[in-house]
S.K.: 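Below you'll find the structure I mean.
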Amino acid sequence: MALEKSYSDVPGTTIFDADMLRKGYHLNQCCMSLMKAENRERFAADERAYLDEWKMTEEQKEAVLARDYNRMIWSGGNVYFLSKLFSSDGKSFQYAAGSMTGMTQEEYAQMMINGGRSIEGNRYKGEADNG
Amino acid sequence: MARVTAGLTTSHIPAVGAAIDLGKTGEDYWKPVFAGYDFSKQWIAEAKPDVIFLCYNDHATAFDLKSIPTFAIGCAEEFQPADEGWGPRPVPALQGHPELASHIAQSVIQSDFDLTVVNEMEVDHGLTVPLSLLFGQPDAWPCKIIPFAVNVVVYPPPSGSRCFNLGKALREAIESYDEDLSVQIWGTGGMSHQLQGERAGLINKEFDADFLERLIKNPAELAEMPHIDYVREAGSEGIELVMWLIMRGALDEAVDVIHKHYHVPASNTALGHLILENQT
């Protein structure tokens with residue numbers, strides 16, 4: 001019997017469960033390797049060559065090169081592993097999180113100052129104004 | 001005998017650590033965040049715990065995807081702050097308490113909580129930010145610290161009730177340790193926040209207020225809350241709040257609220273902080 005995924009109807013959210021972990025294993029381990037300064041240097045020198053050392057899908061590699069965090073998440077990335085990537089770019093969690101919402105960094109920061117994204121309309125997929 | 005003398009919860013937002021490290025705590029954005037810890041710093045200077053049992057989650061630092069322990073207890077003599085991608089935080093190394101940690105591991109495992117024993121690991125912002133919030137920037141941390149890492153990164157984390165009951169077993173273990181030690185239990189992470197996807201930036205003040213209230217007054221019932229409620233209402237990363245229930249399980253049913261602080265935003269997150277003591 002398939003596992004129940006009660007969280008699959010939460011809008012704009014990918015839960016990093018066992019299936020996503022399997023999908024994203026090499027992507028996440030690759031990001032993890034950027035915790036070492038020597039690997040950050042090698043990655044910066046030739047990103048594509050560095051990514052080719054890992055058993056990642058082409059989609060994952062392209063998402064990394066484009067710094068498209070939503071695509072990384074959809075293809076099995078987890079934000080705490082991806083944080084090694086944006087940290088080595090000198091970017092913050094707020095930058096990375098904001099980039100996934102379609103807002104500019106300034107708009108996102110202002111939304112947070114105004115109290116954050118409201119839960120109203122954001123509990124279930126298909127509610128009036130997800131976003 | 002060792003005693004559990006207080007429970008404390010706090011968020012462990014990395015940007016808060018960066019604000020401390022970069023000397024930004026006096027900036028308008030950060031002032032209200034840190035003002036809520038003024039009392040706590042005085043309180044802990046007077047409480048002088050011997051040991052802090054600090055529940056936090058490793059954020060893909062000591063544990064990558066090769067192995068994912070649900071509960072991991074740090075039994076080493078020393079723990080170094082990790083390089084999380086921007087260099088290690090400029091904070092002191094932690095001195096552990098290997099004897100008490102090993103005693104707890106043995107006792108708690110025999111109470112059916114299968115801990116992973118870790119004798120070597122680096123610790124990340126999840127553990128060092130709470131210490132900085134309470135102790136500032138000392139040359140050495142003023143007490144020993146037992147790191148206790150809880151998996152909340154790979155779904156599913158342990159359930160709320162599992163965490164709450166673990167807190168009870170933890171208390172029994174501590175109170176059966178012969179040396180006279182004052183031990184505090186800290187639960188960190190939360191409150192509502194989501195760091196990924198189009199719903200990133202989610203904050204739910206009503207959920208947070210209700211969680212704080214129930215954690216104080218009715219924790220056994222709160223512990224029954226299913227994971228989906230955390231995810232849906234408090235955001236995908238809000239699920240870190242299960243760790244607060246470990247702290248709460250280690251205290252009596254009735255507690256005094258010594259201090260409470262809540263502020264939105266700290267970067268992406270609703271910051272919450274509580275100090276609880278058993279009623280005397």
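Predicted, not measured: the structure shown is a model, and the values here were computed from it. Throughout, a chain's letter reflects where its sequence line sits, starting with A, and its residues are numbered from 1.
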S.K.: Tell me, yes or no, whether the heavy-atom count around A/E58 atom CD, taken from other residues, nucleotides or ligands under 6.0 Å, exceeds 12.
M.R.: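 For A/E58, atom CD is crowded (more than 12 foreign heavy atoms under 6.0 Å).
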S.K.: Under 3.5 Å, is there a donor-acceptor pair between the side chain of A/Q29 and the main chain of B/L65?
M.R.: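 Judged by distance alone, yes, a pair lies under 3.5 Å.
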S.K.: Looking at the rings of B/Y155 and A/Y7, which for Trp means the six-membered one, are their centres under 6.0 Å apart?
M.R.: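 Distance test on ring centres: under 6.0 Å, yes.
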S.K.: For B/H263, enumerate each residue passing the ring-ring contact (aromatic ring centres under 6.0 Å, His included) test, keeping only those at least two apart in sequence or located in another chain.
M.R.: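 For B/H263 there are no ring-ring contact (aromatic ring centres under 6.0 Å, His included) partners, ignoring immediate neighbours.
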S.K.: Using non-hydrogen atoms and a 4.5 Å limit, figure out which bit of A/D9 sits close to chain B: side chain, backbone, both or neither.
M.R.: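 For A/D9, the contact with chain B is made by backbone and side chain together.
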S.K.: Please state whether the side chain, the backbone, both or neither of A/M32 comes within less than 4.5 Å of a heavy atom of chain B.
M.R.: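 Only the side chain of A/M32 comes within 4.5 Å of chain B.
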S.K.: Inspect the surroundings of CD in A/E47 and state if more than 12 heavy atoms from other residues, nucleotides or ligands are less than 6.0 Å away.
M.R.: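 Atom CD in A/E47 is crowded, with more than 12 foreign heavy atoms closer than 6.0 Å.
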S.K.: With respect to chain A, which residue among B/V264, B/I68, B/L202 yields the maximal number of heavy-atom pairs within a distance under 4.5 Å?
M.R.: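 Winner by heavy-atom pair count: B/L202.
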S.K.: Give the member of A/Y25, A/W74, A/Y69 that has the highest number of heavy-atom pairs under 4.5 Å with chain B.
M.R.: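 Answer, by heavy-atom pair count under 4.5 Å with chain B: A/Y25.
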S.K.: Determine whether A/E59 and A/K23 satisfy the following criterion, salt bridge (charged side-chain N to carboxylate O under 4.0 Å, His left out), listing intermediate values before the conclusion.
M.R.: CA-CA 12 Å; A/E59 184 199 5; A/K23 206 171 161 184; over 6 Å; no
S.K.: Between the side chain of A/R117 and the main-chain N/O of B/A200, is any donor-acceptor distance below 3.5 Å?
M.R.: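 At least one qualifying donor-acceptor pair exists.
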S.K.: Which of the residues A/G12, A/S83, A/S6 is involved in the greatest number of heavy-atom pairs with chain B at under 4.5 angstrom?
M.R.: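 So the answer, after comparing A/G12, A/S83, A/S6, is A/G12.
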S.K.: Determine whether B/K205 and B/D208 satisfy the following criterion, salt bridge (charged side-chain N to carboxylate O under 4.0 Å, His left out), listing intermediate values before the conclusion.
M.R.: CA-CA 5 Å; B/K205 290 180 185 173; B/D208 290 341; over 6 Å; no
S.K.: Tell me, for A/N70 versus chain B, whether the close heavy atoms (under 4.5 Å) come from the side chain, the backbone, both or neither.
M.R.: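 Contact with chain B: side chain only.
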S.K.: Inspect the surroundings of CD in A/E107 and state if more than 12 heavy atoms from other residues, nucleotides or ligands are less than 6.0 Å away.
M.R.: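 For A/E107, atom CD is crowded (more than 12 foreign heavy atoms under 6.0 Å).
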S.K.: Heavy-atom pairs under 4.5 Å with chain A: which of B/T269, B/T61, B/I239, B/V231 has the most?
M.R.: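 With the most close heavy-atom pairs to chain A, the winner is B/T61.
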S.K.: Which atoms of A/Y108 come close to chain B, meaning under 4.5 Å heavy atom to heavy atom: side chain ones, backbone ones, both, or neither?
M.R.: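 When you check distances to chain B, only side chain atoms of A/Y108 fall under 4.5 Å.
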S.K.: Check each atom of A/I73 against the heavy atoms of chain B and say whether the ones under 4.5 Å are side chain, backbone, both or neither.
M.R.: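 The answer is the side chain of A/I73.
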S.K.: A/A96 versus chain B, heavy atoms under 4.5 Å apart: side chain, backbone, both or neither?
M.R.: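 Looking at A/A96, nothing touches chain B.
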S.K.: Output yes when a side-chain donor or acceptor of B/E237 lies under 3.5 Å from a complementary backbone atom of B/L195, and no otherwise.
M.R.: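 Indeed, once roles are kept as given, a pair shorter than 3.5 Å links the two residues.
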S.K.: Chain B: which of A/S87, A/S92, A/A37 shares the most heavy-atom pairs with it under 4.5 Å?
M.R.: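 Looking at each of A/S87, A/S92, A/A37 in turn, A/S87 comes out on top.
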S.K.: Using side chain to side chain donor-acceptor pair (under 3.5 Å), reason through B/H59 and B/E84 one step at a time and then give a plain yes or no.
M.R.: CA-CA 9 Å; B/H59 302 79; B/E84 297 177 57; 5.5 Å; no
S.K.: Side chain, backbone, both or neither: which part of A/T13 has a heavy atom under 4.5 Å from chain B?
M.R.: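 Both backbone and side chain of A/T13 come within 4.5 Å of chain B.
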S.K.: Whether the side chain of A/R67 engages the backbone of A/V64 through a donor-acceptor N/O pair (distance < 3.5 Å, no angle test) should be reported.
M.R.: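 Between the backbone of A/V64 and the side chain of A/R67 there is a qualifying donor-acceptor contact (under 3.5 Å).
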S.K.: Looking only at heavy atoms and a cut-off of under 4.5 Å, which of A/R40, A/K36, A/M111 has the most pairs with chain B?
M.R.: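 Most pairs with chain B among the choices: A/R40.
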S.K.: Output the residues of residues 19-30 of chain B for which the shortest heavy-atom distance to chain A is under 4.5 Å, in residue-number order; output 'none' if no such residue exists.
M.R.: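 Expected list: B/Y29.
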S.K.: Which class fits the ring pair B/F211 and B/Y230: parallel under 30°, tilted 30 to 60°, perpendicular over 60°?
M.R.: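 B/F211 vs B/Y230 ring planes: perpendicular.
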S.K.: Flag the one option from A/V10, A/L34, A/N28, A/N78 with the top tally of heavy-atom pairs under 4.5 Å to chain B.
M.R.: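 Most heavy-atom pairs within the cutoff with chain B belong to A/V10.
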